[in-house]
2 protein chains.
Amino acid sequence: MIHLAGICRTYQVGDQPVRALVDVDEEIREGEHVAIMGPSGSGKSTLLNVIGCLDRPTAGSYTLGGREVGGLDDSALTQVRRHEIGFVFQFFHLIPRLSAAENVELPMVFAGVPRRERRQRAAAAIAAVGLEERAAHLPEQLSGGERQRVAMARATIMRPALLLADEPTGNLDSKSGNAVLEMLDELSDNGLTLLVVTHNPKVAQRADRILFLVDGRIAKRVAGDQV
Amino acid sequence: MIHLAGICRTYQVGDQPVRALVDVDEEIREGEHVAIMGPSGSGKSTLLNVIGCLDRPTAGSYTLGGREVGGLDDSALTQVRRHEIGFVFQFFHLIPRLSAAENVELPMVFAGVPRRERRQRAAAAIAAVGLEERAAHLPEQLSGGERQRVAMARATIMRPALLLADEPTGNLDSKSGNAVLEMLDELSDNGLTLLVVTHNPKVAQRADRILFLVDGRIAKRVAGDQV
Ligand SMILES: Nc1ncnc2c1ncn2[C@@H]1O[C@H](COP(=O)(O)OP(=O)(O)OP(=O)(O)O)[C@@H](O)[C@H]1O
Ligand SMILES: Nc1ncnc2c1ncn2[C@@H]1O[C@H](COP(=O)(O)OP(=O)(O)OP(=O)(O)O)[C@@H](O)[C@H]1O
Ligand SMILES: [Mg+2]
Ligand SMILES: [Mg+2]
């Protein structure tokens, strides 16, 4: 489903190039559950942003579902992103002026889902992450872990074919973290392709396999039960 | 050094009160290293904000270094905060238009430290968290864990008497996380009073003792080696 060949991403800071991704070759099949680990600054979020069509590689080719993504213009890229990919960002990116429930409804608004159905589905998703009593809160009226759970509910509400999660349990205690991971496992069992960036070996162990990034390169690949 | 008596903090969301802290009584002695754990939404960040003079309790009294803090007006509170307390926020709050080095310099600017000394001390602090090559980057040009480390360097640059850290290693791999924790241990050994909110038992174990919050109350207190 995902085919990366020679992917590079270089940032420019003043006159200094920052080589965030270097020659990344990888194939991820439909329905796979892959974890991405590596030191802080090794390129994990950058890799996820490229795969999630939020960022274009500086070089190399990215084929998603058989289609060469690098060749798409911005509006086509936006379509792919909205319809096929769910994203849990490292720092959530909730809309400040929308409540938790309205944030979860947002992808459905874009997809033209009727209002009554949106309300029901958002309420169910919010309950699934244990936040019924916080549905009306704005993001700044939520704790860190509550915002993270809202981001998870929003990313999964359209049952996307591909879900990218950047440190989805980083702000969660073990109980709410496990609830989120079980939710992800269930989606994965139902055919979702799942990529999870994590620093937590317990989270990585649930994957079929793990990619280790070091200085922008894939340094190592292991099976899930070997971490 | 810190004396909390009957501390309550209630938020109002529409017509719903949210009791984030309920009757918190606690004493923290100078030089103690205390960890704060508890489920997502249990009031940990709220407690830290009250102790850090960023938020006022709805009820109860807070005595810091012998002085009743609740009676201070905003400008006096700001003075206390700037001169005596270092804070690592759950989501960092770096100034977007300032580079990593400039963010670290900021407390020294407020304290009137001369420019040359500021530059030297900021460079040393940035090197101590392994970010020499990222000193000129803006926050949006940094990875999540890099921003977290800049926040740590900024919070400790004035060697405050009290340091409050809200999930200081949540975005860090074990290597950079351990580097940060060793830095905190060293400050603690030198007399710093240290409060750390964490979901990670390994981080909590380094404390002298641990407070467990549940629904805004201190539900349990244990010694550091018992978690
Ligand atoms: N500004 C606010 N207005 C209303 N409710 C709030 C506000 N800030 C926090 N809350 C609520 O108060 C409760 C405690 O929040 P707090 O941020 O202290 O939790 P926490 O223990 O730090 O959680 P986490 O582990 O998820 O970071 C949460 O249930 C949250 O929804
Ligand atoms: N917009 C940008 N401009 C310049 N450099 C950047 C930019 N974004 C990220 N970087 C740099 O690229 C490198 C990779 O960043 P990335 O966010 O992918 O790391 P990461 O593996 O997610 O780290 P963490 O575990 O800390 O979240 C980092 O060293 C970072 O400083
Ligand atoms: Mg990252
Ligand atoms: Mg918090």
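Below, chain A is the first sequence line, B the second, and so on; all start at residue 1.
- Here the OG atom belonging to A:S40 is positioned 10.5 Å from the CZ atom belonging to B:R147, to the nearest 0.5 angstrom.
- Atom CZ of A:R221 has more than 12 neighbouring heavy atoms from other residues, nucleotides or ligands inside a 6.0 Å radius.
- Contact count against chain A (heavy-atom pairs under 4.5 Å) is highest for B:R149 among B:E167, B:Q148, B:R149, B:K44.
- Atom CG of B:N171 and atom CG of A:N171 lie 7.0 Å apart (nearest 0.5 Å).
- Using a 4.5 Å heavy-atom cutoff, the side chains of A:K175 and B:P39 are not in contact.
- Proximity to chain A is absent for every atom of B:S45, based on heavy atoms less than 4.5 angstrom apart.
- Contact annotation for A:F92: only side-chain heavy atoms (C-beta onward) come within less than 4.5 Å of a heavy atom of chain B.
- Surrounding CZ of A:R19 are at most 12 heavy atoms belonging to other residues, nucleotides or ligands under 6.0 Å away.
- Of the atoms belonging to A:F91, it is side-chain heavy atoms, and not backbone ones, that fall under 4.5 Å from chain B.
- Residues of residues 131-145 of chain A having a heavy atom under 4.5 Å from any heavy atom of chain B, listed by number: A:R134, A:H137, A:Q141, A:S143, A:G144, A:G145.
- Counted within 6.0 Å of CZ on B:R56, heavy atoms from surrounding residues, nucleotides or ligands total more than 12; the atom is thus considered enclosed.
- Using a 4.5 Å cut-off on side-chain heavy atoms (C-beta onward), B:L172 and A:H199 make no contact.
- Summarising the local packing, CG of B:D185 is surrounded by more than 12 heavy atoms from other residues, nucleotides or ligands at distances under 6.0 Å.
- In the displayed structure, A:E186 atom CD is contacted under 6.0 Å by at most 12 heavy atoms of other residues, nucleotides or ligands.
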